[in-house]
Amino acid sequence: MPNSHILVVDENPVTLTALESFLANKGYEAIAAATGLEAGQCLNEHQFDLLITSLRMPGIDGMSLMQMARQLHPHSVAIVTIETRRHHDALAALRY
């Protein structure tokens with residue numbers, strides 16, 4: 001899957017930089033977005049094979065980003081990171 005286009009979204013700058021660097025070092029084209037709004041703009045402007053997003057973010061959250069990605073890029077895949085202990089959030093993401 002190298003040369004795949006990946007959008008990484010996380011409001012934590014350390015996590016975001018680490019993921020982007022790791023993926024780039026493995027040969028993936030990774031674009032980082034620090035907010036859901038920024039990620040939404042990236043989804044509108046670029047084709048992505050994979051979306052890696054935090055579930056809980058202010059403004060546009062990970063669930064909304066998954067919906068946008070599915071509408072704009074139906075064949076893309078999403079991975080959601082969850083920093084919560086609330087099980088219903090995790091289950092909702094899995095059902096989507």
Side-chain angles (χ1 to χ4, degrees):
M1 198 168 163
N3 296 323
S4 295
H5 298 90
I6 302 172
L7 176 59
V8 181
V9 189
D10 199 300
E11 63 182 357
N12 181 326
V14 174
T15 302
L16 188 62
T17 301
L19 278 170
E20 182 184 28
S21 296
F22 174 80
L23 292 167
N25 287 335
K26 296 294 181 182
Y28 298 100
E29 184 177 325
I31 295 177
T35 66
L37 180 60
E38 185 180 341
Q41 293 171 340
C42 289
L43 285 170
N44 281 313
E45 296 172 4
H46 305 283
Q47 174 71 37
F48 292 98
D49 303 299
L50 176 64
L51 166 67
I52 301 174
T53 182
S54 177
L55 181 63
R56 293 203 161 260
M57 295 180 291
I60 300 174
D61 64 7
M63 292 294 284
S64 298
L65 287 176
M66 285 193 306
Q67 290 172 339
M68 290 173 72
R70 179 169 279 174
Q71 289 174 346
L72 294 169
H73 315 291
H75 300 291
S76 66
V77 176
I79 296 174
V80 179
T81 61
I82 301 172
E83 306 86 18
T84 182
R85 293 182 186 197
R86 295 179 1 187
H87 299 301
H88 68 274
D89 289 341
L91 291 174
L94 287 173
R95 278 188 223 119
Y96 188 80

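In what follows, every heavy atom counts, from backbone to side chain, and hydrogens, waters and symmetry copies are set aside. Note that this is a predicted model, so its numbers are computed, not measured. This chain uses plain numbering: 1 for the first residue, then up along the sequence.
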Using the rule side chain to side chain contact (heavy atoms under 4.5 Å, CB included), only one of Met68, Arg70, Met63 pairs with Met66; which is it?
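Looking at Met68, Arg70, Met63, the match for Met66 under the side chain to side chain contact (heavy atoms under 4.5 Å, CB included) is Met63.
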Determine the sole option in Val14, Val8, Val9 for which the side chain to side chain contact (heavy atoms under 4.5 Å, CB included) test with Leu19 is passed.
Val8
Qualifying residues under side-chain hydrogen bond (donor to acceptor under 3.5 Å, both in side chains), relative to Glu29, sequence neighbours excluded:
His5
Donor-acceptor contacts under 3.5 Å from residues 35-46 side chains, at least two apart:
unit_1	atom_1	unit_2	atom_2	d
Thr35	OG1	Glu38	N	3.0
Glu38	OE1	Ala34	N	3.2
Asn44	ND2	Gly40	O	3.1

When rounded to the nearest 0.5 angstrom, what is the spacing between CD in Glu20 and CD1 in Ile6?
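Interatomic distance, Glu20 CD to Ile6 CD1, rounded to 0.5 Å: 11.0 Å.
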Separation between OG (Ser76) and CD (Gln71), nearest 0.5 Å, reads 11.0 Å
Contacts of type side-chain contact (heavy atoms from CB on, under 4.5 Å), residue Ser21, not counting sequence neighbours
Thr17
Heavy-atom distance under 4.5 Å between the side chains of Ile31 and Phe48, does that happen here?
yes
Ile52 versus Leu23: any side-chain heavy-atom pair under 4.5 Å?
yes
Which pair of non-hydrogen atoms, one from Gly62 and one from Thr53, has the smallest distance, and what is that distance?
CA-OG1, 3.8 Å
